[in-house]
Amino acid sequence: MSMFCYQCQEAAKNEGCPTIGVCGKSDDVANLQDLLTYLLKGISIWATKARALGVEDEGTDLFVLEGLFSTVTNVNFKGDWFVERITSSFAVRDNIKGLFEAAYKEKNGSDFSEEMHDAATWSSTSKEDFLAKAEEIGVKSEENEDLRSLKELVTYGLKGIAAYADHAYVLDFKDNNLYAFIEEALAKTTEDLGADELTGLALKCGENAVTVMALLDKANTTTYGTQELTTVHTGLIEGPGILVSGHDLKEIEELLEQTEGTGVNVYTHCEMLPTHAYPKLKKFAHLIGNYGTAWYNQQSEFEKFGGAILMTTNCIKTPRDSYRDRIFTTGLVGFDGVAHIADRVEGKAKDFSAIIEKAKALGSLTKESGKDLTIGLAKDQVMALAGKVIDAVKAGDIKRFVVMAGCDGHQSSRNYYTEIAEGLPKDAVILTAGCAKYRYNQLDLGDIGGIPRVIDAGQCNDSYSLAYIALQLKAAFELEDINDLPISYEVAWFEQKAVTVLLALLHLGVKGIRLGPSLPAFLSPGVVKVLVDAFDIKGTTTSEDALADIRATMAA
Ligand code: FSO
Ligand code: SF4
């Protein structure tokens with residue numbers, strides 16, 4: 001069988017994965033993901049119609065959020081899981097359709113009888129049918145290259161929004177308007193829209209991306225306190241340990257509670273690093289430090305870690321045999337042959353006893369020395385330093401900020417970001433969020449009058465903090481245009497949440513973003529031209545070119 005996926009930066013030949021994903025996704029899983037996405041569009045058609053009649057259904061909204069999130073790169077690789085979701089999707093669709101039809105009849109006194117899009121009506125019970133249908137409705141079923149590009153840009157933007165909305169939902173922070181937008185926009189991708197309307201929809205995704213990042217920021221800071229300036233050690237100490245990777249704070253909170261007093265220590269990996277900056281999480285004495293770097297190095301790092309590993313969403317890679325029996329997935333993450341920790345039941349905490357027992361059985365880790373990282377400079381901490389930052393800019397001690405946020409990934413060309421960090425003039429400060437920081441956060445870049453030269457706001461969704469800081473600086477300097485700030489944008493992308501963050505920046509009017517290490521394969525030449533004309537988006541060339549550009553702005 002064949003497949004076609006070009007949703008991430010590592011798409012084969014920067015064109016698309018044709019038979020198996022560079023990420024390891026099989027053709028079956030890729031095709032089942034396409035079909036699930038298609039059926040979520042159908043559910044969204046009914047949900048949007050129901051909303052117009054005042055009917056909302058939280059179960060439907062959650063099904064859409066989780067379904068979209070599960071198709072994000074490196075979340076779930078299990079074919080059976082997608083077969084089960086597709087099968088459940090028909091019942092979810094029947095339910096919201098029924099709610100709509102009842103409301104329609106009550107309002108109009110007659111039955112609803114319009115012809116509906118295939119995504120809103122197709123069903124089957126066999127996996128063979130699912131796979132055959134997937135071939136028919138895949139990405140390439142839209143033959144017009146520009147329309148396909150814009151529809152996928154919208155869909156990927158929505159996947160990222162859904163991921164952040166799901167993280168907030170887990171912490172009980174909900175937003176019906178946001179769910180209404182996700183469903184309306186998904187439904188619109190099934191309509192006969194032209195390029196202008198789809199471009200408008202993509203920018204509307206950017207607006208909602210800002211909303212969802214603000215919601216998640218509120219969820220995280222209300223639940224765990226505002227991030228504090230914190231030093232995190234990167235070594236290992238003796239004693240059994242569990243390494244937690246991914247993005248889910250609720251999972252690490254529950255694990256910390258359940259490991260307290262057991263002698264099992266907890267470490268963070270990759271995007272879990274900001275755990276150490278939240279007061280209600282950093283208070284646990286057995287939260288020891290951060291081990292390893294970005295997601296793409298996980299196979300060698302997990303092998304070397306020696307203890308148990310918990311993989312929350314997302315960015316799991318094919319587990320090596322050397323640690324397959326000591327890695328556990330949870331939530332939407334799934335991988336064949338890997339133990340899975342079940343969902344919460346009736347508002348109770350997840351049961352992490354299996355992984356805790358595993359860590360104990362594995363015994364003590366081998367002590368390892370490390371470095372210190374400074375984190376926790378999200379918007380509230382930076383605003384606490386705002387006077388200092390503004391004075392430093394006015395005095396000319398800080399001449400430029402460089403936003404180097406986003407994702408890390410395999411390609412060696414991503415050393416571009418290390419070279420920029422090393423080559424920046426000493427009066428330039430890096431603003432970061434997301435796993436992109438692992439390309440330079442172990443360099444000793446120093447500080448400017450107590451302001452660290454790497455301001456680390458947290459996870460990729462904490463890019464909201466970076467946008468917030470930019471808007472506060474714009475107000476402080478009484479500027480008309482965000483582009484008049486002394487900020488350069490060197491954004492690294494990998495998966496769909498980064499597409500969401502990019503759309504958020506475009507919505508805020510940011511121009512001249514350099515996007516690397518390559519422009520998305522899903523952007524057609526026609527759509528790239530639109531983005532270049534409207535936003536002056538650029539691809540990356542060499543770090544020397546970028547540094548020359550940055551220096552030129554500093555000299556001006
Ligand atoms: Fe990275 Fe993975 Fe956070 Fe992504 S760990 S790549 S954009 O999931 O979400 O930054
Ligand atoms: Fe290829 Fe990326 Fe799609 Fe995986 S997610 S199949 S690597 S384009």
Side-chain angles (χ1 to χ4, degrees), residues 1-38 40-41 67-77 82 131 134-163 185-186 189-190 195 198-199 201-202 205 295-296 314-315 317 406-411 413-414 491-503 515-532 537 539-540:
M1 222 175 148
S2 65
M3 60 180 270
F4 183 75
C5 178
Y6 63 174
Q7 67 176 358
C8 87
Q9 190 273 328
E10 295 187 359
K13 299 184 183 157
N14 205 30
E15 288 171 5
C17 298
T19 47
I20 184 167
V22 170
C23 58
K25 183 160 78 175
S26 70
D27 51 356
D28 275 8
V29 170
N31 292 325
L32 291 167
Q33 289 184 348
D34 283 353
L35 182 62
L36 177 60
T37 307
Y38 183 72
L40 294 175
K41 292 177 179 181
L68 283 175
F69 194 178
S70 69
T71 68
V72 166
T73 300
N74 290 344
V75 174
N76 197 312
F77 290 84
F82 285 102
L131 291 172
E135 296 236 22
E136 193 188 300
I137 54 80
V139 169
K140 287 197 170 166
S141 61
E142 170 57 71
E143 283 168 16
N144 180 304
E145 189 187 41
D146 292 333
L147 296 182
R148 182 197 309 152
S149 173
L150 287 165
K151 283 183 181 177
E152 294 307 312
L153 174 61
V154 168
T155 306
Y156 304 154
L158 292 171
K159 287 186 182 193
I161 292 174
L186 271 181
T189 62
T190 66
L198 285 168
T199 306
L201 197 55
C205 281
W295 66 274
Y296 77 96
N314 45 314
C315 285
K317 288 185 64 172
C407 319
D408 204 352
H410 291 87
Q411 289 170 359
S413 56
R414 286 181 185 263
V491 176
W493 84 285
F494 167 57
E495 45 94 337
Q496 298 78 63
K497 285 183 280 172
V499 175
T500 303
V501 173
L502 175 70
L503 291 172
L515 187 63
S518 56
L519 289 179
F522 61 80
L523 293 182
S524 66
V527 173
V528 169
K529 187 175 177 328
V530 170
L531 293 177
V532 170
I537 283 198
T540 50

*asked:* Check whether Glu10 reaches the backbone of His410 with its side chain - one donor and one acceptor, N or O, closer than 3.5 Å.
replied: yes
_Lys497 vs Cys407 side-chain heavy atoms within contact, under 4.5 Å_ = no
*Anything under 30° is parallel, anything over 60° is perpendicular, the rest tilted; go ahead and classify Phe522 against Tyr6.*
perpendicular
_Main-chain N/O of Asp408 paired with Trp295 side-chain donor or acceptor, under 3.5 Å_ = yes
*Restricting to pairs with a member in residues 149-159, which pass side-chain hydrogen bond (donor to acceptor under 3.5 Å, both in side chains), not counting sequence neighbours?*
Gln7-Lys159, Thr71-Lys159, Glu142-Lys151, Glu152-Tyr156
*Are Leu153 and Leu503 close enough that some pair of their side-chain heavy atoms sits under 4.5 Å apart?*
yes
*Could you walk me through whether Thr73 and Gln496 pass side-chain hydrogen bond (donor to acceptor under 3.5 Å, both in side chains), step by step?*
CA-CA 7 Å; Thr73 300; Gln496 298 78 63; 2.9 Å; yes
*Set of residues satisfying side chain to side chain contact (heavy atoms under 4.5 Å, CB included) with respect to Thr540, sequence neighbours excluded*: Tyr416, Tyr417, Glu490, Arg514
*Using a 4.5 Å cut-off on heavy atoms from C-beta on, say whether the side chain of Cys205 contacts that of Thr500.*
no
*Closest non-hydrogen atom pair between Cys23 and Asn74, with its separation*: CB-OD1, 3.4 Å
*asked:* What I'd like to find out is whether the side chain of Val499 reaches to under 4.5 Å of the side chain of Pro520, using heavy atoms alone.
replied: no
_Distance-only side-chain donor-acceptor flag, Asn314 / Glu495, under 3.5 Å_ = yes
*Who passes side chain to side chain contact (heavy atoms under 4.5 Å, CB included) against Glu15, sequence neighbours left out?*
Lys13
*side-chain hydrogen bond (donor to acceptor under 3.5 Å, both in side chains): pairs with one or both residues in residues 16-35, sequence neighbours excluded*: Lys25-Gln33
*List in chain and number order the residues that pass side chain to side chain contact (heavy atoms under 4.5 Å, CB included) with Asn76, two or more places apart in sequence or in another chain; answer none if no residue qualifies.*
Lys78, Trp81, Phe82
*Sequence neighbours excluded, which residues qualify as side chain to side chain contact (heavy atoms under 4.5 Å, CB included) partners of Ser518?*
Gln9, Asn14
